[in-house]
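Values in this document were obtained by computation on a predicted structure and should not be read as measured data.
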Amino acid sequence: MRIGKRLTAALAAITLSTGCAYAGSAPNLSRGELKKIIRSAHTGDDYASLAIYFKWRQGELAQKASAQLEEWYRRSRLVSGFAARYPRPMDSSRNRYESFTRQAWRMGQKAAYYENLAETSSR
């Protein structure tokens with residue numbers, strides 16, 4: 001079974017776009033749809049498409065982490081009065097930054113896994 005039309009169209013848009021921003025073309029796949037696509041992937045092209053998708057997600061999460069890092073720095077300069085209490089606003093920004101960074105790392109691991117599968121199945 002081939003990968004669904006939604007993912008294929010989204011991945012084509014991602015592949016054609018350049019830079020880290022990926023032209024804002026989000027595939028908007030639910031967790032269930034992604035699991036179904038992963039289960040149905042059997043060819044090198046399917047695995048390569050999944051690798052591209054996970055790279056796109058990694059880039060998206062890295063951008064979110066970068067934005068939270070800036071917010072964390074901004075909030076860390078405002079530690080007085082209300083902000084001095086626990087939990088401080090900078091703590092929530094730091095937690096979101098760390099969460100986005102971990103998720104981006106996981107997406108990078110998944111992308112590498114599917115790239116490896118695409119290489120080995122192409123031989």
> Quick one: side chain to side chain contact (heavy atoms under 4.5 Å, CB included) partners of Lys35, sequence neighbours excluded?
Replying inline: Arg31, Arg39
> Any Lys/Arg nitrogen of Arg57 or Glu60 sitting under 4.0 Å from an Asp/Glu carboxylate oxygen of the other?
Replying inline: yes
> Closest approach of Ser93 and Glu71, non-hydrogen atoms and distance?
Replying inline: OG-CG, 3.4 Å
>> Applying side chain to side chain contact (heavy atoms under 4.5 Å, CB included), can you list everything that pairs with Glu115, at least two apart in sequence or on another chain?
In response: Ala51, Lys55
> Does Pro89 offer a backbone N or O that forms a donor-acceptor pair with the side chain of Arg75 under 3.5 Å?
Replying inline: yes
>> Membership question, hydrophobic clusters at under 4.5 Å side-chain separation (ILVMFWY): are Tyr113 and Leu34 in the same one?
In response: yes
> Do the non-hydrogen side-chain atoms of Phe100 and Leu69 ever get within less than 4.5 Å of each other?
Replying inline: no
> Thr120 versus Tyr47: any side-chain heavy-atom pair under 4.5 Å?
Replying inline: no
> Where do Ser40 and Asp46 come nearest, in terms of heavy atoms and distance?
Replying inline: O-OD2, 4.1 Å
> Looking only at atom types and distance, does a side-chain atom of Ser66 sit under 3.5 Å from a main-chain N or O of Ala62, one as donor and one as acceptor?
Replying inline: no
> Should Thr101 and Leu61 count as side-chain neighbours, where that means a heavy-atom distance under 4.5 Å?
Replying inline: no
> Looking at residues at least two apart in the chain, or sitting in another chain, which of them share a side chain to side chain contact (heavy atoms under 4.5 Å, CB included) with Glu98?
Replying inline: Arg94, Asn95, Arg102
